[in-house]
Each structure stands twice: as structure tokens, then as C-alpha cells.
Amino acid sequence: MRILVIGSGGREHALAWKLSESPQVDDLFCVPGNAGMAEIATCQKLDIMDNDGLLKFAKKIKADLTVVGPELPLVNGLVDCFSQERVTVFGPTSVVARLEGSKIFAKELMVKYGIPTGKSRTFQDRGQAIRYIGESSPPVVIKADGLAAGKGVTVALDREAAREAVDLCLVKRAFGQSGQQILIEEFLEGQEVSLLAFSDGERVVPMEPAQDYKRIFDGDRGPNTGGMGSYCPVPFVSPHIYQEIVEKILQPTITALGEEGIKYKGVIYGGLILTDEGPKVLEFNVRFGDPETQAILPRLKSDLLEIMIRTVEEDLEGVELQWSPESCVSVVLASRGYPESSTKGVSIYGLEEAKKMESVYLFHAATERSNGELVTDGGRVLAVSALGKDFQEARRKAYLAVDKITFEGMQFRRDIAARVCG
Ligand code: GLY
């Protein structure tokens with residue numbers, strides 16, 4: 001089969017790598033891809049927001065399946081465009097993608113169908129939002145309604161910070177249209193967990209849980225990023241909690257959307273918090289997580305292509321995913337200045353050495369080849385994942401590999417998965 005992967009991040013490299021392991025895959029193409037993806041696939045530089053251009057390319061290469069990685073093309077209707085022309089594609093339609101593209105849409109759905117989530121109010125008017133903050137007790141969470149590249153959520157520890165976050169959205173318009181409406185939500189305490197599942201519109205097939213590290217610095221300090229590391233599975237998600245998440249959150253969300261006349265086919269990502277009252281939804285995403293995917297897929301023993309095809313064909317009945325019993329730890333290496341800015345064109349050294357290590361996986365993100373040399377091309381540059389018999393071993397291997405890699409200004413966290421190493 002001929003497979004096309006859309007995207008260029010570490011998540012898409014992990015997806016392309018796992019798909020390339022399927023005996024059914026003959027040819028792999030990526031748009032636009034990165035230097036790592038170019039080692040296993042034919043990459044083509046096209047605009048991932050140009051639905052017609054991507055459709056034309058998929059038809060030209062006679063793709064049997066196109067897999068869409070990032071949220072932007074999903075919200076932009078890429079899957080709708082392919083489906084109208086009966087070109088097989090993995091991912092949800094733009095109506096479903098509103099679950100990620102509009103936090104207000106997601107919240108209203110959860111409230112209507114009793115899916116556990118934090119209490120919140122919606123505002124467009126600054127005056128009303130400020131009055132509400134005056135009446136509530138901090139901390140509170142201010143969320144821009146739309147997509148904001150991971151920057152639209154502020155946990156405000158006091159009223160002043162809450163007012164600033166409101167102004168950022170409603171007055172300074174820092175997130176453009178995405179911040180024209182906001183949610184002010186109660187602050188929930190607990191460990192955060194990501195649980196992703198395949199959905200064929202009716203059933204869900206959950207993956208193993210992962211945890212993502214969102215802040216730039218060790219000890220969860222500094223600004224939010226796209227994600228600085230992850231690990232899988234999550235030991236404190238007991239079988240009982242896992243079942244609760246599937247039965248009270250993931251499956252009811254798919255069923256609720258079905259009742260609204262919306263069929264969810266693809267991956268649903270529950271961004272969850274484990275509170276004293278049980279798991280609650282912080283946010284939904286309509287795609288694989290980045291960098292969770294880089295820690296989940298090295299443990300997946302099942303054929304990813306087969307699961308994706310069964311998802312598209314609405315045939316997930318009886319599917320059970322097979323997992324390696326090993327633990328996986330993934331550490332993100334980022335450029336100087338990230339997340340506020342990033343540097344490009346900086347030479348990367350040591351990858352060949354790191355690559356030789358057993359059970360180590362190097363997933364490229366912002367990398368490219370310049371005159372044959374590997375250089376950085378943006379904020380998150382690489383994810384270094386390692387499998388081990390337990391978290392101690394996986395973590396040790398991941399950091400041994402990280403220590404072989406250098407580029408000027410390289411930033412990474414030293415505490416990924418430390419909390420599960422006892
Ligand atoms: N890891 C966060 C995300 O994928 O949105």
C-alpha cells in the first residue's frame with residue numbers, strides 16, 4: 001500500500017516510522033516531512049493548509065491511505081475535502097475537529113451529556129469577565145476558545161493575573177479570533193494524564209496512558225510549551241481509573257457526538273486530570289498527542305496501519321491493541337529561545353552515535369538538511385525515546401542518548417519520568 005503522512009513534527013515522524021514497520025506498506029510519502037522522515041519516506045514540500053493541493057498530490061501518488069497528524073489541517077477541513085472525493089483518509093472531519101478547535105463547543109457538549117469536566121463560564125465582554133473574576137476565588141483558569149498553539153491557557157494564581165489573561169485575549173487580541181471568546185474555569189488539582197483512543201464513530205479502542213511535560217523547565221517551571229517530554233504507560237492510572245476514563249469520558253463523548261449527528265472517526269485524545277472526585281476532562285484533542293506519541297508508539301506491538309484502516313472502515317469491533325510490557329521515556333530537545341522564539345540553521349551533532357544505541361528511537365521534528373548537514377529548523381528539534389524493562393532503565397537510556405547529541409543553545413528537561421522512578 002502507498003501511505004501519505006501529513007505533518008512535520010516528532011509525532012508525524014513516529015507515525016511514519018510505525019507505519020513503515022507494517023508489512024503492508026510498500027511506499028511511504030510525507031508532506032512536508034523533516035530530515036528524519038526523509039530517511040524513511042519520500043518528502044514533498046507542500047502547504048498543509050492547501051486542501052486542494054494535498055488532494056491533488058494524494059491522487060497523483062495514488063495514496064491508499066492519508067494520515068493527518070496536526071490539528072490545523074483537520075480544523076481546516078482536509079478530511080472533508082478528501083472524503084468528498086472518496087480519497088481514503090485517517091482523521092476526523094472539521095465538524096468533529098471543533099472539539100479541539102473550540103473549547104466552548106467541547107464544554108457545552110460535556111455539560112449537555114454529563115461528561116465530567118471543570119465548571120466554567122463563557123465570556124466575550126471584558127467587563128463581565130472582570131466582574132466574574134472579582135466574585136470567584138483564585139486560582140482560576142482562563143482559556144481562549146480557539147486554537148492557540150498551546151499558549152491559550154493561563155492558570156491565574158491571583159485576580160491580577162486573571163485580569164491580565166482576560167485582557168490578553170479580549171483587549172490585546174493576542175490570539176486573534178481564537179481569543180475573541182474565553183472560558184473562565186475552576187482550577188482542578190491532580191495529576192494530568194493523556195489517554196488516546198481510536199474511534200470508528202461508534203466504538204473506542206483505547207491506547208495506553210501517557211503523561212506529557214508542558215513547562216519548559218525542570219520542576220514544571222517556566223512558560224508552557226508544545227511539550228518537553230513524555231512517558232508511557234502511567235503507573236498511577238490503575239485499571240479502575242483507566243476503565244472509568246473509557247466508560248465515563250471517551251466512549252460517552254463519541255456516543256454524545258453520534259447523538260448530535262456527528263460521526264467521530266480517528267483518534268480522540270482526552271487531556272485529563274485525576275481529581276479526588278475522579279478523572280475529569282481538561283481538554284479534548286482530535287489527533288495524536290505530541291510528544292505523547294513518541295512514547296506510546298515504541299510500545300505498540302500491533303500493526304498501526306491495520307488499526308487505522310479498521311478505524312476508517314468503521315470496523316473496530318473486537319480490536320485489542322497489543323503492547324510491549326516495557327516502559328518508554330521520551331525527552332524533547334529544543335532550540336535556544338523556545339518557546340518564545342527559536343533559532344534555525346544550527347548544526348546538530350552526535351545523532352549517528354545516539355542512533356546506534358539499542359532500544360533508542362530518534363524522532364525528528366524541526367530538522368532539515370542544509371548542504372548535506374543536519375541543522376535545526378524551529379523550536380522543538382528532536383524527541384529522544386528509549387524503551388527499558390522499567391522506567392529507571394528507559395530513563396537512563398534516553399538521557400545517555402540525549403548526552404550524545406549537541407547543538408548550540410540546546411534546551412531539554414532533566415526530570416522527564418523522574419516522578420515514576422521511585
Ligand atoms: N501534548 C499536548 C498536545 O499534543 O497537544
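Computed from heavy atoms alone, side chains included, the values below leave out hydrogens, waters and symmetry copies. In each ligand, atom 1 is the first atom listed, and ligand 1 is the first ligand listed.
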Heavy atoms from other residues, nucleotides or ligands near CD of Q191 exceed 12 (cutoff 6.0 Å) = yes
Answer yes or no: does atom NZ of K214 have more than 12 heavy-atom neighbours from other residues, nucleotides or ligands under 6.0 Å?
-> yes
Check K214 against ligand 1 and report side chain, backbone, both or neither, counting heavy atoms closer than 4.0 Å.
-> neither
Mode of Y269 contact toward ligand 1 - side chain, backbone, both, neither (heavy atoms, under 4.0 Å) | side chain
Give a yes/no on ligand 1: does G289 have at least one heavy atom closer than 4.0 angstrom to it?
-> yes
What residue and heavy atom of the protein are closest to atom 5 (O) of ligand 1, and at what distance?
-> R287 NH2, 2.7 Å
Would you call the rings of F198 and F90 parallel, tilted or perpendicular if under 30° counts as parallel and over 60° as perpendicular?
-> perpendicular
Under 3.5 Å, is there a donor-acceptor pair between the D145 and S102 side chains?
-> yes
Ligand 1 to D212 polar contact by distance, N or O atoms, under 3.5 Å = yes
Rounded distance [0.5 Å steps], NZ in K280 versus CG in L272 = 12.5 Å
